[in-house]
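So the structure is just underneath, and the comments pick up after that.
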Amino acid sequence: MDDGKYGSHSSHWGAFSASWDGQNLDIRPHPQDPAPSPILNNIPDAPRHRSRIAKPLVRKGWLEKNGPGPDPRRGEDEFVELEWDDALTLLAAELRRVGDQHGAGSIFGGSYGWSSAGRFHHAQSQVHRFLNCVMGGYVRSVNTYSSGAGAVILPHVLAGGEPATRDNNLWAELAEETELIVAFGGLPVRNSMVSGGGNSRHVAPGSLQKAAARGARFVVVSPLRDDLMTEIDAEWLAPVPGTDTALMLGIAHVLASEGLTDKAYLDRYTVGYAVFERYLLGQADGVAKTPDWAAGISGVDAATIRDLARRMAGSKTLVSVAYALQRARFGEQPVWMGLVLGAMLGQLGRPGCGYAYALGSIGNVGKKPLGVPIPTLPQGKNGVADYIPVARIADMLLNPGAEFDYNGHRLTYPDIRLVYWAGGNPFHHHQDLKRFAEAFRRVDTVVIHDAFATASTRFADFVLPATITLERDDWGASGNDPHLIAMKKLVQPFGQARDDFEIFADLAQRLGHWQDFTEGRSSQDWLRHLYEPTRKALAEKGLHAPDFDTAWQEGEIHLPLTDKPGLLERFRADPQANALATPSGLIEIHSETVASFGYADCPGHPAWLEPEEWLGGARAKDFPILLVANQPATRLHSQLDFGAHSQSEKVAGRERLRLHPADAAARGIADGDVVRVFNDRGTCLAGVRISEFVRQGVAQLSTGAWYDPQYVDGLGEVCAHGNPNVLTQDIGTSSLAQGCAGQVVLVEIARLETDPPPVRAHDGAKLTSPDGALAATLRERLASAREE
Ligand code: PGD
């Protein structure tokens with residue numbers, strides 16, 4: 001530490017080594033990583049950035065109001081710095097109050113977020129363990145913002161989300177075998193750079209280049225051409241966003257009507273094709289899903305659809321569906337329909353062919369799973385049964401007691417008094433942020449741990465400063481990456497920042513549950529303890545299995561991958577012995593289970609359903625541009641948005657919005673202009689780049705610019721920085737999955753005619769020193785908390 005020596009470390013976007021001389025951090029990517037991520041270049045700015053939080057904070061209004069309760073000032077208030085002992089004394093008293101008066105079922109601890117690559121200090125795992133061991137449980141959330149719809153539909157029709165994505169087609173096979181890759185949503189290299197827990201080998205770019213050099217043909221189906229590397233000479237089909245299912249149905253119609261389906265495959269490996277075919281051919285609803293029908297919806301011409309279908313039937317074809325497609329209304333449909341296309345082609349389970357979900361959407365998909373366990377923190381037992389699909393948080397906070405549908409269940413929203421968050425940035429990730437702010441203002445108390453003063457911390461009552469990974473020891477590992485990485489402490493913690501574990505252990509002690517939470521172990525003891533199952537499994541396989549101290553010194557341990565064929569290959573070889581975990585054991589083209597739920601927004605087979613936010617709908621008259629709010633290329637979500645690489649692509653200091661030249665010209669917008677992007681939900685500002693890579697009628701504004709609400713004369717409240725979630729619709733994908741539908745939204749765009757306000761998002765917390773009255777209130781509250 002501070003000695004300029006390099007130590008091993010890792011992040012969600014890559015393994016690396018680093019040295020710290022007390023001021024500067026030098027980063028070297030892992031020497032064997034074939035394509036290290038440029039996102040690593042954000043890390044050097046992190047240790048001492050001005051947005052770091054130095055001391056525990058309590059919101060001024062929370063103190064003044066004499067404590068908890070709904071408060072419209074939440075989000076706009078100033079904060080008072082506290083000593084740790086005072087902050088944890090107040091918070092422990094509040095946790096005790098909520099637990100005693102309202103029970104563990106009034107605490108929302110879903111605490112969604114990616115936090116860090118370290119497996120022990122993973123903040124979400126720490127907060128869940130704390131709430132289980134100390135408070136008796138919490139209202140949890142299920143599924144992810146990434147793949148909310150996919151994770152619910154896939155188990156009904158193919159396999160659980162994990163096996164369907166992480167035990168399927170391999171990048172290596174695509175590089176060697178595939179002749180035609182039809183990529184719905186592309187195979188975006190920017191997303192393949194990132195993987196929860198780390199990624200020491202970025203293989204996607206090399207595999208794509210190898211396939212292209214071998215002569216494989218690529219069709220990228222996306223409103224954005226660069227959803228597939230532009231170095232590859234691909235065909236670009238740019239359907240109206242949100243219409244991929246219609247386009248796939250048009251292709252399927254050609255296969256069915258021209259005798260190009262593999263009937264033997266359908267008979268042996270699937271159920272329900274006959275029911276689906278009646279819909280496809282128009283016998284069920286009088287509308288045949290012909291290429292002409294599909295062209296009318298998607299804007300891709302019928303001849304192209306016909307030609308593509310024939311080429312797909314005549315080649316070794318991979319149908320790939322990206323996460324992005326399902327992060328929209330009725331997002332279950334393209335995931336399911338892609339699988340049906342693969343089944344109709346009969347190539348599922350052949351090397352490099354068939355169907356891939358999420359290949360390219362996340363780093364380690366497309367690699368073989370590990371053959372040994374990785375360190376994982378046990379979560380304890382949650383005594384609360386209530387849960388929500390993760391993206392329904394605002395609905396829950398605003399409508400306690402209301403009923404809602406989810407995956408065949410009728411559930412009730414609990415009455416939440418306290419929200420506890422560690423390792424996420426909900427004011428980055430949730431939709432319709434104005435509505436979300438109202439939801440956050442409703443509860444009694446909000447607690448957030450973060451290293452940085454994100455927008456979410458501004459909406460908290462207690463902000464507890466966490467360390468970043470470089471300031472602590474941990475293990476980095478991911479289910480499909482061949483390395484366990486010793487993430488070594490290289491930097492002294494900033495200010496008074498503490499590890500999430502230490503904060504929770506201290507709180508647990510105050511609440512009488514230190515032993516339950518820690519099991520008597522320090523962090524170092526936990527690292528040793530969690531390494532043991534991995535070491536044992538390595539030893540049993542006769543592999544290099546050093547003891548903890550040796551492993552830690554070596555810095556990385558090679559982990560074996562399974563040599564089992566993938567899920568669909570095993571299923572093809574023997575569908576009885578390797579039956580799928582669906583009700584029939586087969587691929588379900590029509591699902592009796594899904595049909596039995598009776599959801600009009602997710603019927604029993606894949607179907608085209610018209611979303612609210614699309615260019616063909618009534619809303620497009622007022623808001624004629626479809627904004628794609630996708631994952632950023634220059635950072636992971638909102639993490640390290642202040643870093644050099646993220647900043648390098650900002651335009652006029654704001655998030656970059658890409659716009660087609662014709663749409664820009666029609667609005668008198670020039671490259672580099674600051675624009676306002678607006679609809680009836682909100683407004684944000686952004687800096688324009690004019691680009692031919694964006695389909696006409698579409699704009700692209702990635703997520704992750706830290707939310708920066710400011711009042712501008714004549715405009716009201718705008719996000720000055722460019723967070724698209726002030727515009728997005730807060731609605732579930734369907735009654736089935738209730739997933740996040742934030743990927744696309746209708747907007748209008750206009751040049752900003754006034755001077756734009758400065759961006760203040762990265763300036764740190766708004767502090768106030770406690771004046772006489774406030775200091776007295778603080779003393780009183782501490783005294784009464786200490787008496788309890
Ligand atoms: P991150 O920016 O990764 O976003 O949402 P998520 O909340 O995961 O936030 C992680 C936070 O954890 C950061 O603030 C970071 O500083 C903090 N952190 C990191 N390490 C630690 C630690 O050790 N301790 C603590 N206490 N904190 C730590 C991502 C979500 O956004 C996702 S996964 C998706 S896929 C969604 N995508 C979209 C989309 O496509 N379009 C829209 N409109 N909206 C989306 N939102 C979703």
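All ligand and atom numbering here is 1-based and tracks the order in the structure. What you see below is based on every heavy atom in this structure, not just the backbone, and it leaves out hydrogens, waters and symmetry mates. The structure displayed is predicted, hence computed values, not measured ones.
Close approach of ligand 1 to Asn425 (heavy-atom distance below 4.0 Å) involves ligand atoms 7 (O), 9 (O), 14 (O). For ligand 1, the atoms sitting less than 4.0 Å from at least one non-hydrogen atom of Asn725 are 42 (C), 43 (N), 44 (N), numbered in the order shown with element in parentheses. Atoms of ligand 1 found under 4.0 Å from any heavy atom of His449, numbered from 1 in the order shown, are 25 (C), 26 (N), 27 (N). Atom numbering of ligand 1 starts at 1 in the shown order; those under 4.0 Å from a heavy atom of Ser116 are 20 (N). Near Gly742, meaning under 4.0 Å from one of its heavy atoms, ligand 1 places the atoms 41 (N), 42 (C), 43 (N). Close approach to Ala123 involves these atoms of ligand 1, each under 4.0 Å from a residue heavy atom: 24 (N), 25 (C), 26 (N). Listed by atom number, the atoms of ligand 1 under 4.0 Å from Ser146 heavy atoms are 33 (S), 35 (S). Close approach to Arg472 involves these atoms of ligand 1, each under 4.0 Å from a residue heavy atom: 22 (C), 23 (O).
Looking at heavy atoms from C-beta onward, Leu746 lies in side-chain contact with Leu615 at the 4.5 angstrom threshold.
Note on ligand 1: Tyr323 sits outside its first shell, no heavy atom being nearer than 4.0 Å. Look at Pro724 and you'll find every heavy atom at least 4.0 Å from all atoms of ligand 1. Ligand 1 lies within reach of Gln431, whose nearest heavy atom is under 4.0 Å from it. The closest approach between Ala451 and ligand 1 stays at or above 4.0 Å for every heavy atom of the residue.
Considering backbone and side-chain N/O atoms, Ala629 comes within less than 3.5 Å of an N/O atom of ligand 1. Of the N or O atoms in Thr454, none lie within a sub-3.5 Å distance of an N or O in ligand 1. The N/O atoms of Thr728, backbone and side chain alike, include none that comes under 3.5 Å of an N/O atom in ligand 1. Residue contacts with ligand 1: Phe452 is placed with no nitrogen or oxygen under 3.5 Å of a nitrogen or oxygen of the ligand (distance criterion only). Polar contact with ligand 1: present for Gln639 (N/O pair, distance under 3.5 Å).
Salt bridge status for Lys489 with Asp474: absent, with no side-chain N to carboxylate O gap under 4.0 Å. Between Asp500 and Arg129 there is no salt bridge, since no side-chain N of the basic residue sits under 4.0 Å from a carboxylate O of the acidic one. Between Glu612 and Arg619, no side-chain nitrogen of the basic residue sits less than 4.0 Å from a carboxylate oxygen of the acidic one, so the salt-bridge criterion is not met.
Nearest residue to atom 46 (N) of ligand 1 from Gln743, His430, His428, His429 is His429 (criterion: closest heavy atom). Distances from atom 42 (C) of ligand 1 to the heavy atoms of Asn191, Asp450, Thr703 put Thr703 nearest. The residue among His121, Gln729, Gln631, His637 with a heavy atom at the shortest distance from atom 38 (C) of ligand 1 is Gln631.
A distance below 6.0 Å separates the ring centres of Trp114 and His12.
Ranking protein heavy atoms by distance to atom 25 (C) of ligand 1, first place goes to Asp500 OD2, 3.5 Å. Among all protein heavy atoms, the one lying closest to atom 33 (S) of ligand 1 is Tyr112 OH, 3.1 Å. Given atom 21 (C) of ligand 1, the protein heavy atom at minimum distance is Ser115 CB, 4.0 Å. Among protein heavy atoms, the minimum distance from atom 2 (O) of ligand 1 is reached at Ser638 OG, 2.5 Å. Annotation: atom 8 (O) of ligand 1 to nearest protein heavy atom, Trp114 N, 2.8 Å. Scanning the protein for heavy atoms near atom 28 (C) of ligand 1, the closest one is Gly423 CA, 3.9 Å.
No side-chain N or O of Asn143 forms a donor-acceptor pair with one of Tyr112 less than 3.5 Å apart. The closest side-chain donor-acceptor pair between Gln326 and Thr733, if any, does not fall under 3.5 angstrom. Under the 3.5 Å distance criterion, with hydrogens and angles disregarded, a donor-acceptor pair is assigned to the side chains of Ser147 and Tyr357. Side-chain contact of Glu94 with Thr445: a donor-acceptor pair under 3.5 Å is present, judged by distance alone. Using modelled atom types, one finds no donor on one side chain facing an acceptor on the other under 3.5 Å when comparing Asn132 with Gln379. Residues Thr469 and His9 bring a donor and an acceptor atom of their side chains to less than 3.5 Å of each other. If you check the side chains of Ser361 and Asn191, you find no donor sitting under 3.5 Å from an acceptor.
Judged as a side chain to side chain donor-acceptor pair (under 3.5 Å), and not counting sequence neighbours, the contacts of Lys650 are Asp641, Glu655, His721.
A cation-pi contact, defined as under 6.0 Å to the ring centre and within 45° of the axis, is absent between Arg119 and Trp475.
Remark: the backbone N or O of Arg225 is not paired with any side-chain donor or acceptor of Ser222 at under 3.5 angstrom.
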